[in-house]
Amino acid sequence: MWTTQRRWLTFAALLVSAVPALAQPSQEAGVCHTLTREPALSIVEAVQMPDVSGAVTHFAVQAPEPPVSRDTLRQDDIATQLAAAHALFQEVLGLTPPLQMPRYRYAEAMVVILRDDQVRGGQAYDEVVRNPAMPGCHIRMALGGRVDASGNLTPAHELFHLYQNAHMMFKQGWLHEGLARWSESLLSGDVQPGPPLPTDSLALERVMQSSYGAVSFWQRLFYLLDPQGSISLPRSLISLRYQDGSHVVELERLYGSRFVAPLFDALHQASIALAQQQQWPLYGWAEAEQRSTHYNDVILAALRHAISTYTLQPDQPDELRAFMQLIDARLE
């Protein structure tokens, strides 16, 4: 199971309406930035609860003025979902935890901010930061303060973004949001074989211009790479429950689980190569460059490399082989 030493989650809540956070400029990307404008965060006594691995998750809640009661059961459910997602991403997908990746080598923790001014939704940030109210450098994600994890997979979705951010600089919607939406199936168990892969350049372009809807593309690709979808879940995950008694993990099978880590590795290497080619800071790309569709071909080349390494051409089903030929024609 997932184990951790210095890797822990801190829960905080926002006292006031969100104010855009500005980090001090730095010549070296990947270092810890001190936030100069940030909504007030006041960390109070942490509540500790063992996660599914036996490690400890640290909660810290902001002390509002005047004090108000906190829904501790709701926070426990969020923590439970995040702990389960961590275990699934690492044990089932084989991904390296964010804080063990080079980009986040200065981060000591992962912080989850609960926003009082936001009912639902979430956001994952990509820089290592230090908040004057919080000890140590950290990476962070924010969730609406009323997110009900027992019926909402936003916490796991945003956590997957942190894994993506740790491994690659690309944030094109079809990759970033499409894969994150797919990752929700690890908890929901909603595993689909998906519709056929694109067979022409226009259909491929439509996929690359999409965002969350690209989940069906990834579903189909992973199905073709692993149509059996056999997995082995730790018993502790199978028995895990939310406060209302419902299962946290409904997964029984998952297509392509062993392909995700090679894919992330290929995208990691592609990020490094592109940064060196463009003479950008390794982890300091402009946000516009991270999201630019101009680099879709770089992503496709990394995807092709990952597929060809994972499954040799003679072993590829006809549909996948035709798709690989479509990529080749585009990249020529």
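This one's a predicted model, so the numbers in the text were calculated from it and none came from an experiment.
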K.L.:
Is the closest side-chain heavy-atom distance between R241 and S246 below 4.5 Å?
P.N.:
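Contact flag for R241/S246 side chains = no.
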K.L.:
With sequence neighbours left out, write down each residue that passes side-chain hydrogen bond (donor to acceptor under 3.5 Å, both in side chains) with Q209, or none if nothing qualifies.
P.N.:
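Scan of Q209 (side-chain hydrogen bond (donor to acceptor under 3.5 Å, both in side chains), adjacent residues dropped) gives E205.
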K.L.:
Given L202 and R206, is the side-chain contact (heavy atoms from CB on, under 4.5 Å) satisfied, shown in steps?
P.N.:
CA-CA 6 Å; L202 288 178; R206 282 196 293 271; 4.1 Å; yes
K.L.:
Would F89 and S183 count as a side-chain contact (heavy atoms from CB on, under 4.5 Å) here? Give the steps.
P.N.:
CA-CA 8 Å; F89 298 161; S183 75; 4.2 Å; yes
K.L.:
Show the nearest heavy-atom pair for residues A142 and Y125, with the distance to one decimal.
P.N.:
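Here A142 and Y125 meet closest at CB-CE1, 4.1 Å.
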K.L.:
According to side-chain contact (heavy atoms from CB on, under 4.5 Å), who are the partners of D190, at least two apart in sequence or on a separate chain?
P.N.:
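side-chain contact (heavy atoms from CB on, under 4.5 Å) list for D190, sorted by chain: S188, Q192.
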K.L.:
Looking at CG of N152 and CZ of R74, how far apart are the two atoms once the value is rounded to the nearest 0.5 Å?
P.N.:
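If I round to the nearest 0.5 Å, the distance is 10.0 Å.
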K.L.:
Could you tell me whether E287 and K171 make a salt bridge, using a distance below 4.0 angstrom between a side-chain N and a carboxylate O?
P.N.:
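A salt bridge is present here (some side-chain N lies under 4.0 Å from a carboxylate O).
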K.L.:
Do the non-hydrogen side-chain atoms of W285 and S271 ever get within less than 4.5 Å of each other?
P.N.:
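They are in side-chain contact.
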K.L.:
For this output row, return yes or no: ring centroids of F217 and F323 closer than 6.0 angstrom.
P.N.:
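Centroid separation for F217 and F323: below 6.0 Å.
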K.L.:
Given side chains that start at C-beta, do those of M168 and L175 come closer than 4.5 Å, heavy atoms only?
P.N.:
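Yes, close enough: below the 4.5 Å cut-off.
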K.L.:
Could you pull out all residues at least two apart from E184 that satisfy side-chain contact (heavy atoms from CB on, under 4.5 Å)?
P.N.:
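Listed in chain order: L153, H157, R181.
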K.L.:
Are D318 and R321 close enough for a salt bridge, meaning some N to O gap below 4.0 Å?
P.N.:
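Yes.
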K.L.:
Residues two or more places apart in sequence or in another chain: which of them pass side-chain contact (heavy atoms from CB on, under 4.5 Å) with I238?
P.N.:
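Residues passing side-chain contact (heavy atoms from CB on, under 4.5 Å) with I238: L233.
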K.L.:
Is there a side-chain contact (heavy atoms from CB on, under 4.5 Å) between M101 and H268 once you walk through the steps?
P.N.:
CA-CA 10 Å; M101 291 297 293; H268 175 69; 4.1 Å; yes
K.L.:
Please check: side-chain N/O of R330 versus main-chain N/O of I327, any donor-acceptor pairing under 3.5 Å?
P.N.:
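Pair absent, no side-chain N/O of R330 close to backbone of I327.
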K.L.:
Looking only at heavy atoms, what is the nearest atom pair of G136 and E108, with distance?
P.N.:
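What the structure gives for the nearest pair is CA-OE1, 3.6 Å.
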K.L.:
Please answer whether the main-chain N or O of H138 pairs with a side-chain N or O of R140 as donor and acceptor at a distance below 3.5 Å.
P.N.:
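No; zero donor-acceptor contacts below 3.5 Å.
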K.L.:
Would you compute the distance between atom CG of D297 and atom CE of M208 and round it to the nearest 0.5 angstrom?
P.N.:
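Those atoms lie 6.5 Å apart.
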K.L.:
Assess the pair F160 and F264: is the distance between their ring centroids shorter than 6.0 Å?
P.N.:
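Ring centres of F264 and F160 closer than 6.0 Å.
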K.L.:
With a 3.5 Å distance limit and no angle check, can you tell me whether Q164 reaches the backbone of H176 through a side-chain donor-acceptor pair?
P.N.:
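Between the backbone of H176 and the side chain of Q164 there is a qualifying donor-acceptor contact (under 3.5 Å).
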K.L.:
Does the S308 side chain pair with the main chain of H305, one donor and one acceptor, at a distance under 3.5 Å?
P.N.:
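Checked: pair present.
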K.L.:
Indicate yes or no for a side-chain donor-acceptor contact from S210 to the backbone of V207 under 3.5 Å, with no hydrogens or angles considered.
P.N.:
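A pair under 3.5 Å: yes.
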K.L.:
Find out whether L162 and E158 are in side-chain contact, i.e. whether some heavy atom of one side chain is under 4.5 Å from a heavy atom of the other.
P.N.:
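Counting from C-beta outward, L162 and E158 never come under 4.5 Å.
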K.L.:
Report the residues that fulfil side-chain hydrogen bond (donor to acceptor under 3.5 Å, both in side chains) with R258, sequence neighbours left out, ordered by chain and then residue number.
P.N.:
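Scan of R258 (side-chain hydrogen bond (donor to acceptor under 3.5 Å, both in side chains), adjacent residues dropped) gives none.
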K.L.:
Can you find a pair of side-chain heavy atoms, one from H86 and one from L159, that are under 4.5 Å apart?
P.N.:
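Yes. Closest side-chain heavy atoms under 4.5 Å.
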K.L.:
Hey, are the side chains of V129 and T34 touching, using non-hydrogen atoms and a 4.5 Å cut-off?
P.N.:
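No. Closest side-chain heavy atoms not under 4.5 Å.
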K.L.:
Within this structure, what is the CG-CG distance for the pair D226 and L221, rounded to the nearest 0.5 Å?
P.N.:
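The CG atom of D226 sits 11.0 Å away from the CG atom of L221.
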K.L.:
Report yes or no: do Y106 and H33 form a side-chain donor-acceptor pair below 3.5 Å?
P.N.:
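Result is no, nothing qualifies.
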K.L.:
For Y163 and Q90, does a side-chain donor sit closer than 3.5 Å to a side-chain acceptor?
P.N.:
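Q90 and Y163 do have a side-chain donor-acceptor pair below 3.5 Å.
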K.L.:
What distance do L320 atom CG and T311 atom OG1 have between them, rounded to the nearest 0.5 Å?
P.N.:
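It comes to 7.0 Å.
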K.L.:
Assess the residue pair F170 and V298 against the criterion (side-chain contact (heavy atoms from CB on, under 4.5 Å)); give the C-alpha distance rounded to whole Å, side-chain angles, the decisive distance to 0.1 Å, and a yes or no.
P.N.:
CA-CA 10 Å; F170 302 112; V298 177; 3.8 Å; yes
K.L.:
Under the side-chain contact (heavy atoms from CB on, under 4.5 Å) rule, collect the residues that match up with V248, sequence neighbours excluded.
P.N.:
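So V248 forms a side-chain contact (heavy atoms from CB on, under 4.5 Å) with T80, A84, L187, L240, Y242.
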K.L.:
With a 6.0 Å cut-off on ring centres, are Y255 and F222 close enough?
P.N.:
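Here the rings of F222 and Y255 have centres that are no less than 6.0 Å from each other.
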K.L.:
Parallel, tilted or perpendicular for W280 and Y295, by the 30°/60° rule?
P.N.:
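Judged by the thresholds at 30° and 60°, the geometry between W280 and Y295 is perpendicular.
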K.L.:
For the pair E319 (side chain) and L197 (backbone), establish whether a donor and an acceptor sit closer than 3.5 Å, ignoring hydrogens and angles.
P.N.:
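Yes.
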K.L.:
Say whether, by atom type as modelled, one donor and one acceptor occur between the side chain of E127 and the main chain of I139 under 3.5 angstrom.
P.N.:
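Not confirmed, E127 side chain does not pair with I139 backbone.
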K.L.:
So, does D77 use its side chain to make a donor-acceptor pair with the main chain of Q243 at under 3.5 Å?
P.N.:
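Yes, D77 side chain to Q243 backbone: donor-acceptor pair under 3.5 Å.
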K.L.:
Do N165 and Y104 have side-chain heavy atoms sitting under 4.5 Å apart?
P.N.:
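Yes; the side chains approach each other to less than 4.5 Å.
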K.L.:
Considering all heavy atoms of both residues, which atom of L224 and which atom of P317 are nearest to each other, and what is their separation?
P.N.:
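Result for this residue pair: O-CG, 3.9 Å.
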K.L.:
How long is the gap from CZ on R105 to SG on C32, to the nearest 0.5 Å?
P.N.:
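Rounded to the nearest 0.5 Å, the CZ-SG separation comes to 12.0 Å.
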K.L.:
Which pair of non-hydrogen atoms, one from P227 and one from L225, has the smallest distance, and what is that distance?
P.N.:
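Answer, listing the atom of P227 first, then L225: CD-C, 3.9 Å.
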K.L.:
If you compare all heavy atoms of G94 against all heavy atoms of A261, which two are closest, and at what distance to 0.1 Å?
P.N.:
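Looks like O-CB, 3.7 Å.
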K.L.:
Report the distance from atom CD1 of I307 to atom CG of L312, rounding to the nearest 0.5 Å.
P.N.:
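One finds 13.0 Å between CD1 of I307 and CG of L312.
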K.L.:
Looking at L251, L186, V92, which one forms a side-chain contact (heavy atoms from CB on, under 4.5 Å) with S257?
P.N.:
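Only one option passes, and that is V92.
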K.L.:
If you take all heavy atoms of E177 and Y212, which pair is closest and at what distance?
P.N.:
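Where E177 meets Y212 most closely, the heavy atoms are OE1-CE2, 3.1 Å.
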K.L.:
Return yes if some donor-acceptor pair links the side-chain N/O of Q81 with the main-chain N/O of S150 below 3.5 Å, else return no.
P.N.:
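No, the answer is negative, given that no donor and acceptor are paired below the 3.5 Å cut-off.
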K.L.:
Between E252 (side chain only) and G189 (backbone N and O only), is there a donor and an acceptor less than 3.5 Å apart?
P.N.:
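The answer is no, because no donor-acceptor pair under 3.5 Å joins these two groups.
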